[in-house]
Number of protein chains: 2
Amino acid sequence: MSSVKNKYQFEDLLDKHQLKKTAARLRVLSMMYSKNTATSQPDLESVMQDIDRVTLYRILSVFEEKGIIHKVFDLNGTANYAVCHSDCEANHHHDEHVHFNCTACYNVYCLNELTLPDLKLPAGFRAEGFTLYASGLCPTCSKKVS
Amino acid sequence: MSSVKNKYQFEDLLDKHQLKKTAARLRVLSMMYSKNTATSQPDLESVMQDIDRVTLYRILSVFEEKGIIHKVFDLNGTANYAVCHSDCEANHHHDEHVHFNCTACYNVYCLNELTLPDLKLPAGFRAEGFTLYASGLCPTCSKKVS
DNA sequence: TTAAGTGCAAAATCTTTGCAAATGT
DNA sequence: ACATTTGCAAAGATTTTGCACTTAA
């Protein structure tokens, strides 16, 4: 997966969704693509202190509507946002993957390469989507402990 | 599973955890055991309007600490609480089961009878717990639609 | 030029904290 | 009687809304 993108690809991405290419949006995109973990509103705020808190809320919100990012809740119930992959459509996300929440650093990893095993639900339940949350130690924190 | 309990069993449960048997706590227990879905703070508030909002927060909080209930977040990131089963210990919950979140009525069902299939994580990740969230239509809402 | 996006102020929620009064044991 | 629990008020935190100013196209 080509998670590394340059400035022009971010601009294209915004174009594609009929969003204006503002500095704030480009910075948010650039930050989110540079990390392999999901980003929360507090994360964004602390990194981009010169951008208004409300603007960040609105950027996350419009990116989610357009299907550029998707939302995932961590162990504390805080919303974290991660970039979507090509098969994500607006409001119909391919979030059927595994999220890993580290209990030490609280980072949320999207493990896109894993597929969920099939699962039979009790009679009457009609499942449309699945998300598996795993929690424990991520590679980085795992090293520090052992 | 004997999810139906009477007044005396709730009192025993509180006793066991060295909690005083107050009217508010007994009512919360009774409500949570009578449902097969998880309960959110807003749920509780609307049903028990005569009990102070803060008291409900504190009851949920102490029940969770003692391992009487466990927390699960629904699709909207709202905390929902469900009664724990016998193998739940304080701060070490057996929540390795499947949660089903209905997209129509937003109820959260704990499907305790299902076990999670094994899953291999990428190198470096040390998983301690798993929770699978399924979303779709619950039996009740499923009937209404078809 | 003008529609979209941003910043600021303020409102609306949600959650926590402190303390006095009430309750359970 | 005494420690716990509750209710109320108020503080904190988070998220949303309205509107004037700014910016991208």
Side-chain angles (χ1 to χ4, degrees), chain A residues 7-32 38-66 68-69 71-81 90 106, chain B residues 7-32 38-66 68-69 71-81 90 106:
Chain A
K7 188 186 160 195
Y8 303 105
Q9 288 175 293
F10 295 141
E11 296 187 345
D12 286 349
L13 190 55
L14 292 177
D15 263 344
K16 198 176 111 189
H17 292 285
Q18 293 143 34
L19 296 173
K20 288 192 177 175
K21 303 161 212 151
T22 66
R25 286 174 178 168
L26 288 168
R27 282 172 60 196
V28 170
L29 277 183
S30 159
M31 181 209 175
M32 297 190 75
T39 308
S40 65
Q41 169 78 18
D43 283 349
L44 276 184
E45 276 181 40
S46 63
V47 175
M48 310 196 181
Q49 300 188 338
D50 54 322
I51 300 178
D52 192 82
R53 173 198 296 264
V54 175
T55 300
L56 295 175
Y57 274 109
R58 291 193 270 226
I59 288 178
L60 289 177
S61 154
V62 74
F63 281 6
E64 197 196 0
E65 279 166 28
K66 297 290 189 175
I68 297 173
I69 60 180
K71 196 194 283 190
V72 43
F73 296 98
D74 66 17
L75 291 174
N76 309 308
T78 309
N80 284 55
Y81 297 85
Y106 289 101
Chain B
K7 188 187 163 195
Y8 303 106
Q9 288 175 294
F10 294 141
E11 296 187 344
D12 285 350
L13 188 56
L14 292 177
D15 264 343
K16 198 176 110 189
H17 293 285
Q18 292 142 35
L19 296 173
K20 289 193 176 173
K21 303 161 212 152
T22 66
R25 285 175 178 165
L26 288 168
R27 281 172 59 196
V28 170
L29 277 184
S30 159
M31 181 208 176
M32 297 190 75
T39 308
S40 65
Q41 169 79 19
D43 282 349
L44 276 183
E45 275 182 41
S46 63
V47 174
M48 311 197 181
Q49 300 189 338
D50 52 324
I51 300 178
D52 192 82
R53 173 197 297 261
V54 175
T55 301
L56 294 175
Y57 274 109
R58 290 194 271 227
I59 289 179
L60 290 177
S61 154
V62 73
F63 281 6
E64 197 196 1
E65 279 167 27
K66 298 290 189 174
I68 297 174
I69 60 179
K71 196 193 283 189
V72 44
F73 295 99
D74 66 18
L75 292 173
N76 309 308
T78 309
N80 285 54
Y81 297 86
Y106 288 100

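Heavy atoms only: backbone and side chains are in, while hydrogens, waters and symmetry mates are out. Chain identifiers are assigned alphabetically (A, B, ...) following the order of the sequence lines, protein sequences preceding nucleic acid strands; residue numbering begins at 1 within each chain.
The base of dG7(D) sits with one of its N or O atoms less than 3.5 Å from a complementary donor or acceptor on the side chain of R58(B).
Between the P atom of dT16(C) and the CG atom of N76(A) lies a distance of 12 Å, rounded to the nearest Å. Regarding Y57(A), its OH atom lies at a distance of 13 Å from the P atom of dA13(D), rounded to whole Å. Protein atom CD1 of I59(B) is 16 Å distant from nucleotide atom C1' of dT16(C), rounded to whole Å. Rounded to whole angstrom, the span from the CD atom of E64(A) across to the C1' atom of dT15(D) amounts to 14 Å. At whole-Å resolution of the value, CG in L26(B) and C1' in dT23(C) are 13 Å apart. The distance between atom CG of N80(B) and atom C1' of dC14(C), rounded to the nearest whole Å, is 15 Å. Protein atom CD of E45(A) is 15 Å distant from nucleotide atom P of dT6(C), rounded to whole Å. Whole-Å rounding puts the L56(A) CG to dT15(D) P distance at 12 Å.
Of all nucleotides listed (dT23(D), dT16(C), dT15(D)), dT15(D) comes nearest to the side chain of Q41(A). When distances run from any side-chain atom of K20(B) to the nucleotides dT23(C), dG7(C), dT6(D), the shortest one goes to dT23(C). Candidate nucleotides dG24(C), dT15(C), dT17(C) were compared by shortest atom distance to the side chain of V54(B), and dT17(C) ranks first. Side chain of R53(A), nearest nucleotide from dT6(C), dT15(C), dT15(D): dT15(D).
Side-chain contact between I68(B) and L29(B) is present, with at least one heavy-atom pair separated by less than 4.5 Å.
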Stepwise side chain to side chain contact (heavy atoms under 4.5 Å, CB included) test for L44(A) and I51(A): CA-CA 9 Å; L44(A) 276 184; I51(A) 300 178; over 6 Å; no

Take L14(B) and L26(B) through the test side chain to side chain contact (heavy atoms under 4.5 Å, CB included) and record every step on the way to the result. CA-CA 8 Å; L14(B) 292 177; L26(B) 288 168; 3.8 Å; yes

Step-by-step side chain to side chain contact (heavy atoms under 4.5 Å, CB included) determination, K16(B) to K66(B): CA-CA 10 Å; K16(B) 198 176 110 189; K66(B) 298 290 189 174; over 6 Å; no

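In this structure, A23(A) reaches neither bases nor backbone, as no heavy-atom distance under 4.0 Å exists between it and the strands shown.
Interatomic distance, CD of Q9(A) versus CG of D15(A), reported as 13.0 Å (0.5 Å rounding).
The residue among P42(B) and Q18(A) whose nearest nucleotide of DNA chain C is located toward the 5' end is Q18(A). Comparing V62(A) and T22(B) by the nucleotide of DNA chain C that holds the closest heavy atom to each, the one mapping nearer the 5' end is V62(A).
Between T55(A) and dG7(C) there is a side-chain N or O to OP1 or OP2 distance below 4.0 Å.
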